[in-house]
K.L.:
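This structure is in structure tokens; I'll ask about it shortly.
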2 protein chains.
Amino acid sequence: MDEFIEVLQKCVLFDGIAPRDLKAMLGCLGGRVATFDRGEAIFSAHSPADDVGIVLSGAVQIVLDDFDGNRTIQDRVEPGGMFGEAFACAGVERLPVTVEGVCPGRALIIRLRRITATCTNACAFHNRMVMNLLRAMAAKNLQLSRKLEITSRRTTREKLMAYLMSQAHEARSSRFTIPFDRQALADYLCVERSALSAEIGRLRREGVLESERSSFTLLGLENGGRI
Amino acid sequence: MDEFIEVLQKCVLFDGIAPRDLKAMLGCLGGRVATFDRGEAIFSAHSPADDVGIVLSGAVQIVLDDFDGNRTIQDRVEPGGMFGEAFACAGVERLPVTVEGVCPGRALIIRLRRITATCTNACAFHNRMVMNLLRAMAAKNLQLSRKLEITSRRTTREKLMAYLMSQAHEARSSRFTIPFDRQALADYLCVERSALSAEIGRLRREGVLESERSSFTLLGLENGGRI
DNA sequence: CCCTCCGTGTTGGATTTCCAACATACATTT
DNA sequence: AAATGTATGTTGGAAATCCAACACGGAGGG
């Protein structure tokens, strides 16, 4: 387990907890290390949602099987990332999604109860972990709200501009780089890649922005780059 | 304050806390009652996000002022409902939204710190409240994910069917009633009201469903109503 | 160098949505 | 009864999207 201390340190769940303390708590938390292959399920849909997972190595993805038989990838989690916490915290009886490996790896599985239960002995860190959970959940909340706020726009142009402006805002500059290629951006905005490319071209011709691959500059904000 | 105990009982934050205990804690929480009019701001955008609000009477709405000057109503909160908790828990410095009254009313404003801080004296309920917060946040998370999952479909038909199927699933019956009128449903699904009505008519003609106002029955699930 | 792959931009026709307008049904008010 | 308001359904042309296809340029491999 010691080999994973470094990864666990990066997990928001253990934020503010020193390595030596972390080591000590792991026993109290009673987690188990699951080894998974590409495509293998770590959590299966319809199984109880009592556990929180933390990716130690490799990567996993959250897969939702639709009513109509399609499967959509909701999210991808890398080492240090957490999964299943929302379902466990919400107290749903059964998982509506499957969590499976994208490549071989390991994950630490912890029963949520072990995190939230204030134990009588040494570990004074349960409180800290619960606060970390709270913060992580709230942050995800805001992230989802922002995405909803963008994708609820009706036209490709409106979605794109809302996204670019939020990115500029975040970067505190009218010049910024986005973490998506065209196809991924189109998926994020729920629009057609070709329509997206066309719209970017149109905005460029109209003098609204300059762009070069994933770098964008919003023009006409009449403030020289500061947002 | 006693007059509001009944409303507060309904708030998820105080779930599992007896009325007499609740009364006792209110002092410890150090909340203040804010009175507001229609259109008056309870929390203003760009102000610090340290507080959680609970609607006691009347109603409030969460308003987002866009980059381009538009204002969109993100949510509406009725008595017993909570607001601002995600921003406070996420630890954002300044509120990105305004919370204002939809009609005259009152709200209990509590500093988040007072909820999360384990106090030395009597109130053993801080822990319970933090768990309630955690649960509420997780539930909202799932709710947002579900909405995103529905609205990210491309066509009116797909959005509508995804929504109806999730509703049928929730009701555990192919016959169910939705909590929206046509315009509200169109807003929720991010589609045109007229296109929505047209699509419902089409699905009805195709024998996929029967509907009467807000009551729907999905046909062809070849299981006699059970989902 | 040639070739392939990949990301991006472009284009045109089929399809869908959008928008405004009107039709219908029902409830409430006067 | 008449008038008014509200919710829903319908329709037709304008506008936007979707989809498939192809063009272009750079990266990397043989």
K.L.:
Could you list by number each residue of residues 177-187 of chain B showing a heavy-atom separation from DNA chain D of less than 4.0 Å, or answer none if no residue does?
P.N.:
B/Asp181, B/Arg182
K.L.:
Mind checking ring pair (Phe, Tyr, Trp, His ring centres under 6.0 Å) for A/Tyr163 and listing every partner two or more places apart, or none if nothing turns up?
P.N.:
A/Tyr188
K.L.:
Can you list every ring-ring contact (aromatic ring centres under 6.0 Å, His included) pair that touches residues 73-105 of chain A, not counting sequence neighbours?
P.N.:
A/Phe43-A/Phe83
K.L.:
First and last nucleotide of DNA chain D in contact with chain A, 5' to 3', at under 4.0 Å to a heavy atom: what are they?
P.N.:
D/dT17 to D/dA21
K.L.:
With sequence neighbours left out, write down each residue that passes side chain to side chain donor-acceptor pair (under 3.5 Å) with A/Gln61, or none if nothing qualifies.
P.N.:
A/Glu100
K.L.:
What pairs with B/Arg193 under side chain to side chain contact (heavy atoms under 4.5 Å, CB included), at least two apart in sequence or on another chain?
P.N.:
B/Arg182, B/Gln183, B/Ala186, B/Ser197
K.L.:
Quick one: list whatever passes side chain to side chain donor-acceptor pair (under 3.5 Å) with A/Thr155, sequence neighbours left out.
P.N.:
none
K.L.:
Check nucleotides 13-17 of chain C for protein N or O atoms closer than 3.5 Å to its own N or O atoms and list the pairs.
P.N.:
{"unit_1": "C/dT17", "atom_1": "OP1", "unit_2": "B/Thr156", "atom_2": "N", "d": "2.7"}
{"unit_1": "C/dT17", "atom_1": "OP1", "unit_2": "B/Thr156", "atom_2": "OG1", "d": "3.1"}

K.L.:
In a table with atom names and distances, give each donor-acceptor pair under 3.5 Å that connects a side chain of residues 46-60 of chain B to protein atoms at least two apart or in another chain.
P.N.:
{"unit_1": "B/Ser47", "atom_1": "OG", "unit_2": "B/Ser44", "atom_2": "O", "d": "2.5"}
{"unit_1": "B/Asp51", "atom_1": "OD1", "unit_2": "B/Arg111", "atom_2": "NE", "d": "3.0"}
{"unit_1": "B/Asp51", "atom_1": "OD1", "unit_2": "B/Arg111", "atom_2": "NH2", "d": "3.1"}
{"unit_1": "B/Asp51", "atom_1": "OD2", "unit_2": "B/Arg111", "atom_2": "NH2", "d": "3.3"}
{"unit_1": "B/Ser57", "atom_1": "OG", "unit_2": "B/Arg106", "atom_2": "N", "d": "3.2"}

K.L.:
Enumerate the residue pairs fulfilling salt bridge (Lys or Arg N to Asp or Glu O under 4.0 Å) with a member in residues 74-89 of chain A, sequence neighbours excluded, ordered by first and then second residue.
P.N.:
A/Arg76-A/Glu78
K.L.:
What pairs meet the ring-ring contact (aromatic ring centres under 6.0 Å, His included) rule with one or both residues in residues 193-220 of chain B, with sequence neighbours excluded?
P.N.:
none
K.L.:
To the nearest 10 degrees, how far apart in direction are the end axes of the helix from C/dC1-D/dG30 to C/dT30-D/dA1, each fit to five base pairs?
P.N.:
20°
